[in-house]
Participant: 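Just dropping this structure here.
In what follows, residues are counted from 1 in the order of the sequence shown.
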Amino acid sequence: MRSATHELHAESLSLTRLAERFGTPLYVYSAAAIRERYRTFDQAFREFPHTVCYSVKANSNLSILKLLAKLGSGFDIVSGGELQRVLAVEKKAAANVVFSGVGKQAGEIDAALRAGILLFNIESAGELELLAARAAHLRKRADFAIRVNPDVAANTHPYISTGLHEHKFGVPWRDAAELYRQGAGKKGLRARGVSVHIGSQIDDVGAFGEAVERVAGLVRSLRADGHEIRYVDAGGGLAIPYRDDAEENFTAETERYAGAVMQPLRGLEVHLLLEPGRAIIAPAGVLITRVV
């Protein structure tokens with residue numbers, strides 16, 4: 001924001017003075033903005049059992065992770081390094097960590113098993129085999145969800161759309177039930193959730209609702225097969241504006257998003273996991289540079 005003297009500030013701090021003190025380039029983040037965004041997101045889902053799992057890949061600065069942990073946030077991670085960062089700020093936070101992403105390494109899985117994370121989001125049969133092997137080796141139990149590809153089109157750039165059948169992410173819909181059966185037959189594994197993520201920068205909340213509606217049907221089918229599914233991970237991807245002329249009403253947009261996601265799940269008695277990243281952190285920061 002600008003003061004009466006036309007000097008840019010972050011909260012009450014002069015960006016000019018911060019640049020003089022710390023040099024440039026300099027990233028500055030507003031704790032107040034992060035708190036407001038997180039609480040707005042959390043409040044939008046107040047009617048439904050849920051955990052907001054901040055996506056660490058959006059910004060893994062330790063001070064930011066510490067702030068979010070104090071607010072009660074869970075965390076979505078995609079690497080062993082991100083897990084280490086979460087544990088560095090709050091070891092108890094492991095209980096609300098979801099390990100997503102492809103290409104998990106054995107050492108990363110071991111670290112997550114030892115930490116006692118909430119859930120592994122599995123993206124392939126090979127990854128499920130590896131998780132089973134590591135859990136058996138460490139004599140641990142691993143709760144897992146399978147990230148299914150719902151074949152839902154998202155209104156976003158094609159390079160960041162991940163929910164159609166031709167995309168490489170997630171397990172094809174037709175293969176999911178069989179993979180859950182394989183997982184249930186392995187000692188040390190327990191099927192506890194279904195995960196979906198259809199892309200980033202999505203401004204059509206109807207796409208989220210369509211994807212979760214398909215997930216709800218899968219949850220019913222899996223329960224009929226004897227799986228004790230407790231969690232639905234709806235991923236992230238809610239769009240934020242980048243143009244100067246774009247008007248932002250984050251509260252209203254988040255309420256619409258929450259309504260679209262929650263509606264198909266009503267009556268299922270599941271716990272909803274959400275993975276916002278950019279939507280929470282991006283509007284809170286500024287980058288200060290000098291022209292030389």
Side-chain angles (χ1 to χ4, degrees), residues 37-55 57-58 76 98 100 121 123 145-174 176 193-222 229 231-243 245-283:
R37 280 289 176 126
Y38 174 83
R39 287 168 177 161
T40 297
F41 206 98
D42 190 41
Q43 182 68 10
F45 290 89
R46 59 192 175 276
E47 301 175 5
F48 207 94
H50 70 278
T51 302
V52 177
C53 297
Y54 169 73
S55 184
K57 63 178 175 286
D76 165 56
V98 176
S100 304
N121 281 338
E123 297 220 17
I146 291 175
R147 176 181 172 180
V148 294
N149 186 316
D151 196 18
V152 168
N155 183 24
T156 186
H157 192 285
Y159 289 176
I160 53 175
S161 179
T162 62
L164 287 172
H165 71 275
E166 64 261 30
H167 296 144
K168 64 182 179 180
F169 299 98
V171 172
W173 198 261
R174 64 183 180 276
V194 178
S195 173
V196 66
H197 182 76
I198 60 173
S200 301
Q201 279 299 98
I202 300 169
D203 56 12
D204 175 15
V205 299
F208 292 111
E210 185 180 352
V212 175
E213 186 172 359
R214 296 207 70 183
V215 166
L218 180 58
V219 169
R220 295 186 183 96
S221 176
L222 291 172
I229 303 298
Y231 299 102
V232 167
D233 187 336
L238 184 63
I240 62 169
Y242 280 91
R243 300 191 317 273
D245 62 341
E247 294 209 4
E248 181 184 9
N249 188 336
F250 184 67
T251 300
E253 187 64 18
T254 306
E255 291 283 353
R256 286 193 292 271
Y257 165 70
V261 170
M262 291 188 294
Q263 183 58 37
L265 300 176
R266 296 191 187 281
L268 268 186
E269 296 184 354
V270 293
H271 188 100
L272 184 58
L273 302 174
L274 304 147
E275 301 173 359
R278 185 194 324 236
I280 287 178
I281 198 66

Participant: Quick check: closest heavy atoms across Ala216 and Pro264, and the distance to 0.1 Å?
Facilitator: CB-O, 3.5 Å
Participant: Output all residues satisfying side chain to side chain contact (heavy atoms under 4.5 Å, CB included) with Arg174, sequence neighbours left out; order by chain, then residue number.
Facilitator: Pro172
Participant: Rounded at 0.5 Å granularity, tell me how far OG in Ser100 sits from CD in Glu123.
Facilitator: 7.5 Å
Participant: Any side-chain heavy atom of Leu273 within less than 4.5 Å of one from His50?
Facilitator: no
Participant: Counting C-beta onward and ignoring hydrogens, is there a side-chain heavy-atom pair between Thr40 and Asp42 closer than 4.5 Å?
Facilitator: no
Participant: Mind checking whether Pro49 and Leu272 have side chains closer than 4.5 Å, heavy atoms only?
Facilitator: no
Participant: Indicate yes or no: at least one non-hydrogen side-chain atom of Val171 is less than 4.5 angstrom from one of Asn149.
Facilitator: no
Participant: Step by step, would you call Lys57 with Asp76 a side chain to side chain contact (heavy atoms under 4.5 Å, CB included)?
Facilitator: CA-CA 8 Å; Lys57 63 178 175 286; Asp76 165 56; 3.7 Å; yes
Participant: Sequence neighbours left out, what passes side chain to side chain contact (heavy atoms under 4.5 Å, CB included) with Ser195? Give chain and number order.
Facilitator: Asn121, Ala145, Arg147, Asp233
Participant: Which atom names give the shortest non-hydrogen contact between Leu238 and Gln201, and what distance separates them?
Facilitator: O-OE1, 4.2 Å
Participant: Between Val261 and Phe208, what is the shortest heavy-atom contact and its length?
Facilitator: CG2-CB, 4.1 Å
Participant: Would you check if the distance from the ring center of Tyr54 to the ring center of Tyr38 is below 6.0 Å?
Facilitator: no
Participant: State, with a plain yes or no, whether a side-chain heavy atom of Ile146 is found less than 4.5 Å away from one of Val194.
Facilitator: no
Participant: Rounded at 0.5 Å granularity, tell me how far OH in Tyr257 sits from CZ in Phe41.
Facilitator: 4.5 Å
Participant: Measuring only between side-chain heavy atoms, which start at C-beta, is Arg214 closer than 4.5 Å to Val148?
Facilitator: no
Participant: For Ala258, check side chain to side chain contact (heavy atoms under 4.5 Å, CB included) against everything at least two apart and list the hits.
Facilitator: Ala44, Phe45, Met262
Participant: My understanding is that only residues two or more places apart in sequence, or in another chain, count here; which of them pass side-chain hydrogen bond (donor to acceptor under 3.5 Å, both in side chains) with Thr51?
Facilitator: His271
Participant: What distance separates Gln263 CD from Leu265 CG, expressed to the nearest 0.5 Å?
Facilitator: 9.0 Å
Participant: Can you name the nearest heavy-atom pair linking Ile240 to Ala279, along with the distance?
Facilitator: CG2-CA, 3.6 Å
Participant: What pairs with Ala260 under side chain to side chain contact (heavy atoms under 4.5 Å, CB included), at least two apart in sequence or on another chain?
Facilitator: Val205
Participant: Sorted by first residue and then second, give each salt bridge (Lys or Arg N to Asp or Glu O under 4.0 Å) pair with at least one member in residues 255-267; sequence neighbours left out.
Facilitator: Arg46-Glu255, Glu47-Arg266, Glu253-Arg256
